[in-house]
Amino acid sequence: MTELLKISLPDGSVREVEPGSTPADVAAAIGPGLAKAALAARVDGEVRDLGRPFEGDAALALITARDESDALELVRHDYAHVLAEAVQALWPGTQITFGPATDDGFYYDVMAPASREPFGMDDLPAIEEKMREIIKADKPLRREVWSRQQLIDKWEAEGEAFKAEWAKELPEDEELTVYWSGDDWLDMCRGPHLESTGKLDPQAFKLMRTAGAYWRGDQRNAQLTRIYGTGWLNKKQLNQHLHRLEEAAKRDHRKLGREMDLFHLQEEAHGSVFWHPKGYRIWRELEAYMRRKMDGGGYREIKTPQLMDVRQWTQSGHWGKYAENMFAVPDIVPEVDDAGEAEASPKVAADADWMAIKPMNCPAHVLVFKQGITSYRDLPIRLGEMGCCHRNEPHGALHGLMRVRQFTQDDAHIFCTEDQVVEEVRKFCALADSVYRDFGFSYHVKLALRPEKRFGSDADWDKAEQELRDAVAEAGMDNDEYGWEELPGEGAFYAPKLEWHLTDAIGRTWQVGTIQGDRVLPERLDATYVGEDGEKHRPVMLHRAIFGSYERFIGILIEHYAGRLPVWLAPVQAAVATIVSDSDDYAKEAVAKLEAAGIRVEGDLRNEKINYKVREHSLAKVPHLLVVGKREAEEGTVAMRTLGEKEQKVLPLDEAIAMLTQIATPPDLAG
RNA sequence: GCUGCUGUAGCUCAGUGGUAGAGCGCACCCUUGGUAAGGGUGAGGCCGAGAGUUCAAUUCUCUCCAGCAGCACCA
């Protein structure tokens, strides 16, 4: 008698199955619906093929399209294999290498046969067609364990030099697997895969582009062609994705920033932003808004140095851990020759003192906290700063306003007692919520837990993580409505962190806000307060930001609103445009009155037709266009046209001003 | 930082081994027109930087810089 295997299911039930059974058998036993929907299985936490037998008692969770991230990963991996099979079917002699899943799809690196050019965009339609044939053929994907020598022989026999090279380096003792697609094609692969190609939706993928890539990422090696595709569970998801790409391109803040004359970037200061008057107007409105929020939240604003001696950064630990991202400046006077020209590369004496530009504000805030003696009665102390920081980011990471080398944070550090942590974090949750709602963002709150490499004992981490959990629970945000989720291993090396992920108008997410409880920096920089017992105690330091950085947040806002900023943020809130020059005087009067009422207004008295003016101001995304012709000048009215609407409304100038004043009020000041 | 692509007028882009072109924008003129482009004239360029090949390089080659798309990174 063989003993039955005990398979426990997510609902807590346990099923007993014959040895040799597979997850597919269990799915079938539960019901035909599930058997059909199942894509793969999670066995003791590891994603596996449905058809791979259990090796003993196990915990089983069946993966279906509802388990979106697992399912997508599987499907994309399968698309990659089908892609490779299709390319080889179309062009025998093509060598294949690797093909993983990516964030929105998959790619495969291949080497075209010597008889033809490298693959290009023109080849993609034919490959897609062949992939659909393979999917429709519903070829079973079958796992087999092979020996290393078997693999080497197979690849060498087929002239697959890259695969053979790789196989030779595989460890002898590990279980090596291949996957068959039907009986005529196979690739070596760790898996898992779907049961057959037919489980893929032939209408849910699209090949996007080709790019060059070197074998093993080394330019001394052969050059391969990387074929990129996007892959989804169904056609609807694919279309949504393609639509998102289109929308995103239209909303691109770099394009809108130029068109709306908000800012520019240029080589000489790459990664740093030149803000134009209109862009900086948005910044100033946001800054004024955030100051009101922080003042109201009991924060006190400070300003700290850009440059500090490297000794300070050594003590804070940044010079050791973060130096590669920091800009260092020798504390010297450049030598200038008689012509008044400095050397391009001034000599720096070996014993020169070095300063570094701050990559973050925290150490300086601790230094402010440390001035004088702080009593427990003074805590919590909340120090805020619109802190301008520089980080030398990897050059390939720079991206418009979203990733820059100079940025300004809406930063603050809260120094408090152990007992005050939960309440301070809860207050921050409420503050962040009020801000994000003012911009119409929904958001998810996530807790990033301890990483592998970290400071501090497990007991400290248990405590720190639990504090954040408790605070979120008290704020009532530890639920699905707030997308509450814990992310193991994602925390900072010194502390777990809460993260706020905004969802924008087209469904993309952006991490902006954060709060972290830090016990390391107060220790390193020896921050203390005097407790009720008259002894020195270590405060907890909470690092927090809501916008994250002004640059990035403005970039997100531009894309979120597709350039049509809410009136309170719009650089130009209204334009007064004349139809005929006879109404110039009246238009000037209207502009003056609007300005006096605090409206940001421009007059457009140019000798152009009204059609032209309407088009221009619409493209410039000015929210309100006030048109004045002979009639309006005589009657003291304006014809108001609101951006995005076709109809215009004629109303007395005074009423228009009252209305604009009202809708131009920032959300936190609106009654 | 890695891979691929790109760099020509303020913007979007053509083009060529013999030092350049369009549309939009800008300036001026005509036009005073009622809700998304009225017409004309004109100005504007060290063709990203450096080196090489060549009688001759914006064009070909190499190096560097920057941008774009991915990747890695984002304390």
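Worth saying up front: this structure is predicted, and the values here are computed from it rather than measured.
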Figure out the [atom1]/[atom2] separation between [X] and [N], and round it to whole Å.
{"X": "His270(A)", "N": "C64(B)", "atom1": "NE2", "atom2": "C1'", "answer": "13 Å"}
{"X": "Arg631(A)", "N": "G33(B)", "atom1": "CZ", "atom2": "C1'", "answer": "14 Å"}
{"X": "His624(A)", "N": "A36(B)", "atom1": "NE2", "atom2": "P", "answer": "18 Å"}
{"X": "Met208(A)", "N": "C71(B)", "atom1": "CE", "atom2": "P", "answer": "12 Å"}
{"X": "Glu490(A)", "N": "C74(B)", "atom1": "CD", "atom2": "P", "answer": "10 Å"}
{"X": "His501(A)", "N": "C74(B)", "atom1": "NE2", "atom2": "C1'", "answer": "13 Å"}

For [X], answer base if it contacts any base atom (sugar-phosphate contacts may also be present), sugar-phosphate if it contacts only those atoms, and nothing otherwise; contact means non-hydrogen atoms under 4.0 Å.
{"X": "Glu632(A)", "result": "base"}
{"X": "His617(A)", "result": "nothing"}
{"X": "Lys497(A)", "result": "sugar-phosphate"}
{"X": "Tyr107(A)", "result": "nothing"}

Donor-acceptor under 3.5 Å ([X] side chain, [Y] main chain):
{"X": "Arg564(A)", "Y": "Pro623(A)", "result": "no"}
{"X": "Thr509(A)", "Y": "Thr503(A)", "result": "no"}
{"X": "Tyr79(A)", "Y": "Lys206(A)", "result": "no"}
{"X": "Gln237(A)", "Y": "Ala204(A)", "result": "no"}
{"X": "Glu486(A)", "Y": "Leu449(A)", "result": "no"}
{"X": "Tyr436(A)", "Y": "Trp500(A)", "result": "no"}
{"X": "Lys621(A)", "Y": "Met260(A)", "result": "no"}

Say you pick atom [atom1] in [N] and the same atom in [M]; how far apart are they, in whole Å?
{"N": "U59(B)", "M": "G17(B)", "atom1": "C1'", "answer": "6 Å"}
{"N": "G34(B)", "M": "C29(B)", "atom1": "P", "answer": "23 Å"}
{"N": "A57(B)", "M": "G50(B)", "atom1": "C1'", "answer": "14 Å"}
{"N": "A43(B)", "M": "G48(B)", "atom1": "C1'", "answer": "24 Å"}
{"N": "C46(B)", "M": "A9(B)", "atom1": "P", "answer": "9 Å"}
{"N": "A27(B)", "M": "G10(B)", "atom1": "C1'", "answer": "14 Å"}
{"N": "C28(B)", "M": "G44(B)", "atom1": "C1'", "answer": "15 Å"}
{"N": "A36(B)", "M": "A66(B)", "atom1": "C1'", "answer": "36 Å"}

I'd like a table of donor-acceptor pairs (distance under 3.5 Å, sequence neighbours excluded) in which one partner is a side-chain atom from residues 540-551 of chain A, with atom names and distances.
residue	atom	partner	partner atom	Å
His543(A)	ND1	His413(A)	NE2	3.2
His543(A)	NE2	Asp518(A)	OD2	2.8
Arg544(A)	NH1	Tyr299(A)	OH	3.1
Arg544(A)	NH2	Asp410(A)	O	3.0
Ser549(A)	OG	Arg552(A)	N	3.1
Glu551(A)	OE1	Thr408(A)	N	2.9

Encoded 5' to 3' (Watson-Crick or G-U under 3.5 Å; [ ] crossing; | other strand), RNA chain B becomes (((((((..((((....[..)))).(((((.......))))).....(((((..]....))))))))))))....

By the salt bridge (charged side-chain N to carboxylate O under 4.0 Å, His left out) test, which pairs, at least two apart or in different chains, include something from residues 354-365 of chain A?
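Matches after skipping sequence neighbours: Lys358(A)-Glu385(A).
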
Greater than 12 external heavy atoms within 6.0 Å of [X]'s [atom1]:
{"X": "Trp166(A)", "atom1": "CH2", "result": "no"}
{"X": "Gln266(A)", "atom1": "CD", "result": "yes"}
{"X": "Arg311(A)", "atom1": "CZ", "result": "no"}

Between Lys630(A) and Pro394(A), the residue closer to the 5' end of RNA chain B by nearest nucleotide is Pro394(A)

How do Leu398(A) and Gln409(A) order along RNA chain B: which one's closest nucleotide is nearer the 5' end?
Leu398(A)

With sequence neighbours excluded, residues passing salt bridge (Lys or Arg N to Asp or Glu O under 4.0 Å) with Lys588(A):
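By the salt bridge (Lys or Arg N to Asp or Glu O under 4.0 Å) rule, Lys588(A) matches no residue at all.
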
Can you name the salt bridge (Lys or Arg N to Asp or Glu O under 4.0 Å) partners of Lys250(A), sequence neighbours left out?
Glu247(A)

Could you check which of [options] has an atom nearest any side-chain atom of [X]?
{"X": "Leu619(A)", "options": "G34(B), G33(B), A36(B)", "answer": "A36(B)"}
{"X": "Arg254(A)", "options": "G38(B), C73(B), C68(B)", "answer": "C68(B)"}
{"X": "Ala397(A)", "options": "A72(B), U35(B), G34(B)", "answer": "A72(B)"}

Under 3.5 Å, which N/O atoms of the protein pair with N/O atoms of nucleotides 9-13 of chain B?
residue	atom	partner	partner atom	Å
C11(B)	O3'	Arg258(A)	NE	3.4
U12(B)	OP1	Arg258(A)	NH2	3.1

Base C73(B) paired with Arg403(A) side chain (donor-acceptor, <3.5 Å):
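Counting by modelled atom types and ignoring angles, a donor-acceptor contact under 3.5 Å is found here.
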
Could you check which residues of residues 570-583 of chain A get a heavy atom under 4.0 Å from RNA chain B? Sort them by number, please.
Ile579(A), Val580(A), Ser581(A)

Residue-level proximity of residues 306-314 of chain A to RNA chain B when a heavy atom falls under 4.0 Å
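Heavy-atom cutoff 4.0 Å gives no residues at all.
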
Residues Lys446(A), Glu499(A): salt bridge by 4.0 Å N-O rule:
no

Under 4.0 Å between a side-chain nitrogen and a carboxylate oxygen: does that hold for Arg519(A) and Glu523(A)?
no

OP1 or OP2 of A66(B) less than 4.0 angstrom from a side-chain nitrogen or oxygen of His395(A), does that happen here?
yes

Would you tell me if any nitrogen or oxygen in the side chain of Arg552(A) comes within less than 4.0 Å of OP1 or OP2 on C74(B)?
no

Ring-plane angle category for Phe274(A) and His264(A), please: parallel below 30°, perpendicular beyond 60°, tilted otherwise.
parallel

Can you tell if the side chain of Ile127(A) reaches within under 4.5 Å of the side chain of Trp91(A), non-hydrogen atoms only?
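Yes. Closest side-chain heavy atoms under 4.5 Å.
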
What side-chain hydrogen bond (donor to acceptor under 3.5 Å, both in side chains) pairs are there with at least one residue in residues 638-651 of chain A, not counting sequence neighbours?
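For residues 638-651 of chain A: His624(A)-Thr642(A).
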
Aromatic centroids of Trp510(A) and Phe441(A) separated by under 6.0 Å:
no

When every nucleotide of nucleotides 22-29 of chain B is labelled 5' to 3' by its protein contacts under 4.0 Å (heavy atoms), B for base, S for sugar-phosphate only, - for none, what sequence of letters results?
---S----

Side-chain donor-acceptor distances from residues 630-640 of chain A under 3.5 Å, at least two apart:
residue	atom	partner	partner atom	Å
Glu632(A)	OE1	Gly629(A)	N	2.9

When you compare the protein's N or O atoms with those of nucleotides 39-48 of chain B, which come within less than 3.5 Å of each other, and at what distance?
none

